[in-house]
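Proteins get letters first, then strands, A, B, ... in listed order; numbering begins at 1 in each. Because the structure is a prediction, the values reported are computed rather than measured.
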2 protein chains.
Amino acid sequence: METLGGITGRSLTVAELVDVLRSAIVGGDLVPNQRLVEADLAAEYGASRGNIRAALAELTVEGLVERVQNRGARVRAVSVEEAVEITEVRAALEALCARKAAERITADEAAELQKLAGRMKDAVERGDRDSYSECNQILHARVIDISAQQTAAATIHRLRGQAVRFQFRLARQPGRPAVSLPQHLAIIDAVCAHNPDAAAHAMRVHLESVADVIRSTHT
Amino acid sequence: METLGGITGRSLTVAELVDVLRSAIVGGDLVPNQRLVEADLAAEYGASRGNIRAALAELTVEGLVERVQNRGARVRAVSVEEAVEITEVRAALEALCARKAAERITADEAAELQKLAGRMKDAVERGDRDSYSECNQILHARVIDISAQQTAAATIHRLRGQAVRFQFRLARQPGRPAVSLPQHLAIIDAVCAHNPDAAAHAMRVHLESVADVIRSTHT
DNA sequence: GTACAAGAAATTGTTGACAATCTTGAATGT
DNA sequence: ACATTCAAGATTGTCAACAATTTCTTGTAC
């Protein structure tokens, strides 16, 4: 065991450890149900056990780690049912953000989103999945950003971390872009047209269709 | 300083401390912006500083406590703007729950809600604010319960803790029951009628009106 | 009188050691 | 061979001491 990529000089602080461990979990370096033995992690990351322990406690509250009394911590395994629930909550929250974004969007921001719409159409036409996936992420992030809803943004971000594994598979689904592109364009249109109700509806429909796909992967 | 109400024999565990401190904060024993000095809390609750520290870390992630590097912890002061945001997020999430509840509700549960509707009308007629307030809480709790949405429920619960101070004042607002009673009845009707869209809409309208009231208290 | 600087006090951050608990596996009896 | 008991090892939970940082106080120069 050796220190992985960190600044090897001093030992890591709790906040740093939280970031490092969170990245390791959402990035898949630590797989679901993997045991997280405090002493081992301490040796691996060159930190004291106390700090590792504190970091695990924080990640537990965030929902990425599961702990049972006297039996230690594991990477929380999110079931399909939970992933569906999480996506449905995201649907509700991002619909709220889309609504607020439609109320607040400026002309410059609208132009930016229209440009993004063009890039997305282009990517689908060319069959460029990576570019489309990137635009997808940018779109959701920009809508949340424009909405200026701190509370909703923080909640969405936390939930996304828990279900990122499922989101990941989804992008590779064949024929998926053909379904989601018109949904994305509808969101952009409604937000740019300052139509809050339509924007919220379009976003909700989009993410509920994502939830349906996740649901269908299990059956 | 002495131990407050706890079992004085052994010292408190981290999980117990989290509960005790959370209750103290949402209950108002620890007021917003109050400094939370680890050593003082340790003495007050008869716990070790390490455990107090761990508990404060958890409550920070929950959003009840604010910490800055090397400067300690305070009870987080939720601004009016934040309280409005929190209520808007709750509106989106409880609307989701109302939608799901309308899909899943059984005949027995519907009868129970109808009975609750009667109690609420009765309480408003008699001018019994305490009873009405209690029914209000029960209604929201039951809808969330019937929806069986764990993720949404947990998120709502956390957010409620942060904004409970504002919710509290609201109930005392004169003329408030006259406005909220029809909204509550509309929610119950839609959920019992298995009408998901109407239920979600009624719940959203209700909680957005709550957000408006909170907004207006600041201006 | 005010601004600045240095030291003291208070407070937080970190660590290693010890205690409590759970798990594993061998020994024993049936 | 199988179940039970019990001891050894592994792991987590708790604590008190030490280090680092911030804040407060005091003294001094201008």
Side-chain angles (χ1 to χ4, degrees), chain A residues 1-4 6-22 24-25 30-62 64-77, chain B residues 1-4 6-22 24-25 30-62 64-77:
Chain A
M1 304 281 177
E2 57 180 59
T3 59
L4 298 176
I7 303 102
T8 44
R10 59 168 174 63
S11 69
L12 282 74
T13 181
V14 174
E16 289 170 331
L17 279 173
V18 171
D19 288 343
V20 170
L21 288 176
R22 189 183 7 236
I25 292 173
L30 298 172
V31 301
N33 280 323
Q34 180 170 342
R35 282 198 64 190
L36 300 171
V37 178
E38 296 174 0
D40 293 356
L41 292 175
E44 175 133 1
Y45 294 104
S48 73
R49 194 168 75 85
N51 282 1
I52 291 284
R53 187 177 174 74
L56 288 177
E58 289 199 23
L59 292 173
T60 301
V61 181
E62 277 189 33
L64 290 173
V65 168
E66 206 169 27
R67 297 179 93 179
V68 281
Q69 187 82 259
N70 292 322
R71 287 200 192 178
R74 300 174 166 277
V75 177
R76 190 164 89 88
Chain B
M1 304 283 177
E2 59 180 58
T3 58
L4 300 175
I7 303 101
T8 44
R10 59 169 174 64
S11 70
L12 282 72
T13 182
V14 174
E16 290 170 331
L17 280 173
V18 171
D19 287 343
V20 169
L21 288 176
R22 189 184 6 237
I25 292 172
L30 298 171
V31 301
N33 281 323
Q34 180 171 341
R35 281 198 64 190
L36 300 171
V37 176
E38 295 174 1
D40 292 357
L41 292 174
E44 174 131 1
Y45 294 105
S48 74
R49 195 167 74 84
N51 282 1
I52 291 284
R53 187 177 173 73
L56 289 178
E58 289 200 23
L59 292 172
T60 302
V61 181
E62 277 189 31
L64 290 173
V65 167
E66 206 169 29
R67 295 178 93 179
V68 281
Q69 187 80 257
N70 292 320
R71 287 196 191 182
R74 301 173 165 278
V75 178
R76 190 163 88 88

Subject >> Interface limits on DNA chain C, where chain A has a heavy atom under 4.0 Å of a nucleotide atom >> reply: C:dT14 to C:dT23
Original post:
Once you round to the nearest 0.5 Å, how far does CG of B:Leu17 lie from CG of B:Leu41?
Top reply: 9.0 Å
Original post:
Looking at B:Leu12, B:Val18, B:Val14, which hits side-chain contact (heavy atoms from CB on, under 4.5 Å) with B:Glu16?
Top reply: B:Leu12
Original post:
Judged by atom type as modelled, is there a donor-acceptor pair below 3.5 Å linking the side chain of B:Ser48 to the main-chain atoms of B:Asn51?
Top reply: yes
Original post:
Sequence neighbours excluded, which residues qualify as side-chain contact (heavy atoms from CB on, under 4.5 Å) partners of B:Val75?
Top reply: B:Ile25, B:Leu30, B:Gln34, B:Leu36
Original post:
Who pairs with A:Arg22 by salt bridge (Lys or Arg N to Asp or Glu O under 4.0 Å), at least two apart in sequence or on another chain?
Top reply: A:Asp19, A:Glu62
Original post:
Does any pair with a residue in residues 51-61 of chain B pass salt bridge (Lys or Arg N to Asp or Glu O under 4.0 Å), and if so which ones, sequence neighbours excluded?
Top reply: B:Glu38-B:Arg53
Original post:
Of all residues at least two apart in sequence or in a different chain, which pass the salt bridge (Lys or Arg N to Asp or Glu O under 4.0 Å) check with A:Arg35?
Top reply: none
**OP:** If a protein heavy atom is under 4.0 Å from the base, mark B; if only from the sugar-phosphate, S; if neither, -; do that for nucleotides 10-23 of chain D going 5' to 3'.
**Re:** -SBBBS-B---SSS
